[in-house]
Each structure stands twice: as C-alpha cells, then as structure tokens.
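Below is one structure, written out as structure tokens; the observations come after it.
In listed order, ligands and their atoms are each counted from 1.
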Amino acid sequence: MNEEKKTLFSAIQPSGIITLGNYIGAIRNWKDLMDKCNCIYALADLHTLTVKQVPAQLRSNTYELAAIYIASGIDPEKCIFFVQSHVGAHAELTWILNTMTYPGELSRMTQFKDKSRSHADNVNMGLMDYPVLMASDILLYNADLVPVGQDQKQHLEITRDLAIRFNNRYSETFTVPEPYISSVGAKISSLQDPEKKMSKSDPNVNAFISLNDDRDTIIRKFKRAVTDSDNEIVFSEEKPGISNLITIYSTVTGKSIESIEQEFEGVGYGDFKIAVGESVADLIDPIREEKNKILKDKAYLDSVFKRGAEQAERIAYRTLSKVYRKVGLVERKH
Ligand code: TYM
C-alpha cells in the first residue's frame, strides 16, 4: 500500500449476473480510480445470504463475478481483490459494531424496507444488519473513498455515523469514509419502469441488461424500453425513460448529454434506441467473451482469491486487534 495515495474500498454482491446498472454505477468508476488510489475490491458473498440463495448457484455466481471484475479491467495485480467470507474479520467487526448500533437506525433504511416487502417470507436479522456488515467492510481498511451507486448512499451515512461514534467513545480509530458517487450514471433505471432502479433481481428480464446478454438480446431489450410518446430526445425529469437511455448512452460513449441531444435532434426514439443498444453491446460483448475465457481457469481464480485474502487479512486483522484492545478485550498471545 502506498501511504501517499487514498484508500478506496468497494464491493458487489454475487447474487446473480450483474447488470449494466452495476457496471455503470460501480465498476466503471473503479477502473478509473485504480491508478490514483490504493484499491480494495471485494465480492460481498456474506451479504447475499440475507436473501435465500441456492448454494451451488451462489458459488458459481461468485466465480462469475470475479471473472467479470477482471474482464472489465480490474487488475488483481494492481489492487487487493478478495472474497469477503475469506476474511473472518468482517464478521468479527460486525459483532462489535452491532453493540453500538440501534435497531431504529437499521429499520429505517430504505433498502431494508424495500427488501422486507419483496422478501416478506424471510425478514431475517441479517437483512436488517446488512449495513453494519457493510460498515465493517469499509472501516476495516480505513477506506477514505467508497465508489458506489446512489442506492448505497444511506448505507455510507450509517458507516460514517458508526465510525464517528466509535472514535468518540474509544478515541480516534477509524477513518470516516466519503462516498464517491458520480454525477452521471449513479442511478440507472429499469428499462420497463423508469421510476425503479435497474436491478438484477427484477422478475422481468426485459427490465435489465445483464452482462451475460448477447448482442441481439441487448438490442431487443433497448428496442422495447418504455419511453413517453413525444418522440423528442431531450433529457428532462418529466421524461424519465428517454433520460435514462440518454444517461446510459452518455456513460458508455463518453459523449456529453448536450452533444447527444444535438446529435439526435429530429431523430425518432426507434433509431435512438438502436444506437444505445449497439453502443451497450459494443461495451458488453468483449467483457462477456473475456469473462467466459477467464471462467474456464478456476485454478487461476482460486489463486487470485488466495492472494487477495492474504493481503486483505493482514490489514483487516491489524484494525480488528486495535478495536478489540480499545473496547477492553484481552489480547490473545501467540
Ligand atoms: P449491489 O451488489 O447491490 O450493487 C453493486 C454496486 O452497483 C451499484 N448499483 C447501481 N448503480 C447505478 N444504477 C443501478 N441501477 C445500480 N444498481 C446497483 C450499487 O450502488 C453498488 O455500488 N451493499 C452493496 C455491496 C457492498 C459494498 C460494501 C459496497 C458490500 N459491502 C462496502 C461498498 C462498500 C450492494 O449490495 O451492492
């Protein structure tokens, strides 16, 4: 770790094949920050257990997400790249932080309320405690920056509150992290209901673009995207469907929103949707192919996981032993 650089931590849950929303909201920024910061990227497998998972599927999703990280340009040689459950300190710090978190703080979290509704048959303690595990992920590495999409902002706020609370009670221990949320693309919406976020757990497969979708599927899904009926390619709050497509096109091509409005002036929605679909397919095609190649070499991925866990563990346990000492636990002698 380079002491002069800021430390960055982020993670994605391997709870299914990730979407274009995850890519634009998170991975895209991770890549940009890789040379500027000490980057630590995790596969948040413990978080996925807060909703029911098929065990074999969870395991294969974890390998698949790791292959997507690498295929998207997250180089395990340039960052620490590991599986959350491989570093026990995450669950251990969660216990300590739990003793200073209040149920009311967790039950008011928007994601907890949403997931309690969508998984009404399984509202478990883990679902409620989810932000505390996320706080532990971040605080163990004293991260300065956490690049996430808009939906994780509230969880970042509770992370900051917990860091400040611990520091006030036991003296300066944790870095209080800053969210890094980009101004464009932090909330990619569903293609079928632009008021909702694009989500990998959406039961309607036409609502999201998966990083496993092939070219034809991607273009077909964009052609079917729900938009208003005025046929003008203008970014506006009153036009959430077309504005979402403009945002996607802007982040994928690097063109500004104004230049897109100019370029497509007088062009109908149909042609614009095809242009967006093609640009997204151009982005995803090589990632998907590279991901499939990487996935064939499980031994390579296991070696990446092993090294990442060793690197992460060294930092995480240093922080955890400091925390244990500060709260008054007796140090274990080796
Ligand atoms: P997860 O797996 O739901 O999503 C991973 C990342 O993708 C972003 N994202 C989106 N961005 C834009 N538009 C969307 N439609 C969209 N959907 C998802 C999310 O904001 C996130 O950045 N709890 C986290 C994983 C996590 C984590 C952490 C993140 C665990 N520990 C520590 C940061 C730091 C989650 O469930 O993300």
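For atom 11 (N) of ligand 1, the nearest protein heavy atom (residue, atom name, distance) is Gly21 O, 3.2 Å. In terms of protein heavy-atom proximity, atom 32 (C) of ligand 1 is nearest to Phe9 CE2, 3.5 Å. Looking only at protein heavy atoms, the nearest one to atom 31 (N) of ligand 1 is Asp137 OD2, 2.6 Å. In this structure, atom 37 (O) of ligand 1 lies nearest to the protein heavy atom Gln152 NE2, 3.8 Å. At the top of the distance list for atom 25 (C) of ligand 1, counting protein heavy atoms only, stands Ala11 O, 3.4 Å.
Counting heavy atoms closer than 4.0 Å to ligand 1, residue Met198 contributes atoms from both its backbone and its side chain. Contacts with ligand 1 closer than 4.0 Å are made by no heavy atom of His155, backbone or side chain.
Close contacts between ligand 1 and Gly185 involve ligand atoms 12 (C) [criterion: under 4.0 Å to a heavy atom]. Counting the atoms of ligand 1 from 1 in the order shown, those under 4.0 Å from a heavy atom of Ala186 are 11 (N), 12 (C), 13 (N). For ligand 1 and Ile138, the ligand atoms under 4.0 Å from any heavy atom of the residue are 32 (C), 34 (C). For ligand 1, the atoms sitting less than 4.0 Å from at least one non-hydrogen atom of Tyr130 are 23 (N), 24 (C), 35 (C), 36 (O), numbered in the order shown with element in parentheses. With ligand atoms numbered from 1 in the order given, ligand 1 contributes 30 (C), 31 (N) to contacts under 4.0 Å with heavy atoms of His47. Residue Ala26 has at least one heavy-atom neighbour below 4.0 Å for each of these atoms of ligand 1: 6 (C), 7 (O), 22 (O). In summary, the atoms of ligand 1 found under 4.0 Å from a heavy atom of Ala44, numbered by their order in the structure, are 30 (C). Taking every heavy atom of Lys200 and a limit of under 4.0 angstrom, the matching atoms of ligand 1 come to 2 (O).
Separation of the Phe264 and Tyr249 ring centroids falls under the 6.0 Å cut-off.
Taking a cutoff of 4.0 Å between a charged side-chain nitrogen and a carboxylate oxygen, Arg215 and Asp282 qualify as a salt bridge. Using a 4.0 Å cut-off between charged nitrogen and carboxylate oxygen, Glu278 and Lys273 do not count as a salt-bridge pair.
Neither Tyr180 nor Phe174 shares a network with the other; the hydrophobic side chains, linked directly or stepwise wherever heavy atoms of I, L, V, M, F, W or Y lie under 4.5 Å apart, form separate groups for each.
Of all the heavy atoms in Ile233 and Glu261, the pair that sits closest is O-CG, 3.6 Å. In plain terms, the two heavy atoms of Met34 and Ile74 that are nearest each other are SD-CA, 4.0 Å. Considering all non-hydrogen atoms of both residues, Ser250 and Val184 come closest at OG-CG1, 4.3 Å.
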Worked check of salt bridge (charged side-chain N to carboxylate O under 4.0 Å, His left out) between Glu310 and Arg314 = CA-CA 6 Å; Glu310 285 161 3; Arg314 270 198 291 280; 5.8 Å; no

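Among Asp129, Leu133, Leu127, the one residue that satisfies the side chain to side chain contact (heavy atoms under 4.5 Å, CB included) test with Thr50 is Leu127. Considering Phe82, Phe81, Phe305 as possible partners of Tyr69, the one that fulfils the ring pair (Phe, Tyr, Trp, His ring centres under 6.0 Å) test is Phe81. Exactly one of Arg59, Gln57, Lys291 qualifies for a side-chain hydrogen bond (donor to acceptor under 3.5 Å, both in side chains) with Glu64. That residue is Lys291.
The option with the heavy atom closest to atom 3 (O) of ligand 1, from among Gln13, Gln111, Lys153, is Gln13. For the residues Val146, Leu20, Thr251, Asp151, the heavy atom positioned nearest atom 34 (C) of ligand 1 is part of Val146.
The environment of NZ in Lys153 is sparse: at most 12 heavy-atom neighbours from other residues, nucleotides or ligands sit within 6.0 Å. The number of heavy atoms from other shown groups lying within 6.0 Å of NZ (Lys223) does not exceed 12.
Below 3.5 Å of separation, one finds an N or O of Gly149 facing an N or O of ligand 1. In terms of polar-atom proximity, Asn22 is counted as a contact of ligand 1, with an N or O under 3.5 Å from an N or O of the ligand. Inclusion of Lys197 in the set of residues having an N or O under 3.5 Å from an N or O of ligand 1 is not warranted. Geometrically, ligand 1 and Ile12 share no nitrogen or oxygen pair separated by less than 3.5 Å. At under 3.5 Å, a nitrogen or oxygen of Ile188, whether backbone or side chain, sits near a nitrogen or oxygen of ligand 1. Taking distance alone, with nitrogen or oxygen atoms compared against 3.5 Å, Ser189 stays at or beyond that limit from ligand 1.
Looking only at side-chain heavy atoms (C-beta outward), Asp144 and Pro177 stay at 4.5 Å or farther from each other.
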